[in-house]
Amino acid sequence: MYGVQFHPEVTHTPEGQVILGNFVLRMCGAKPEWSMASFLTEAVEAIRRTVGDSHVIGAVSGGVDSSVAAVLLHR
């Protein structure tokens, strides 16, 4: 089991993109077969399948995670 416990994605981390690439592609074995556009489409479709005709109440804390969730729910 491997983990990364700091923020390699920020611009001030030396070689951060290399660290992420090695972790995700080499260690985890993920394939770079997705795009942000396909993620958005698939996430919205998955939410629609899960929710069906029901209603969803979402709350936003002001952080990035809940803001992204709110945008996905809105779509």
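Because only heavy atoms are used, hydrogens play no part in the values below, and waters and symmetry mates are left out as well, while side chains stay in.
When all heavy atoms of Q17 and E9 are compared, the closest pair comes out as NE2-O, 4.1 Å. Heavy atoms only, all atoms of each residue included: V44 and R75 are closest at CG2-CB, 4.0 Å. Of all the heavy atoms in I19 and P8, the pair that sits closest is CG2-CB, 4.2 Å. Closest of all the heavy-atom pairs between V60 and S67 is CG1-OG, 3.8 Å.
Atoms NE2 and CG, on H55 and L73 in that order, are 13.5 Å from each other to the nearest 0.5 Å.
No chain of hydrophobic side-chain contacts below 4.5 Å, direct or via other Ile, Leu, Val, Met, Phe, Trp or Tyr residues, connects V18 to L20. In the hydrophobic cluster analysis, where Ile, Leu, Val, Met, Phe, Trp and Tyr join through side-chain heavy atoms closer than 4.5 angstrom, V68 is grouped together with V56.
Proximity of L40 to L72: side-chain heavy atoms (C-beta onward) are separated by under 4.5 Å at one or more points.
Between the side chain of T41 and the backbone N or O of A37, at least one donor-acceptor pair lies under 3.5 Å. Distance alone, capped at 3.5 Å, places no donor-acceptor pair between the S61 side chain and the S66 backbone.
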### Task
With side chain to side chain contact (heavy atoms under 4.5 Å, CB included) as the test, would you mind laying out the steps for V51 and S54 before giving the verdict?
CA-CA 5 Å; V51 172; S54 299; 4.2 Å; yes

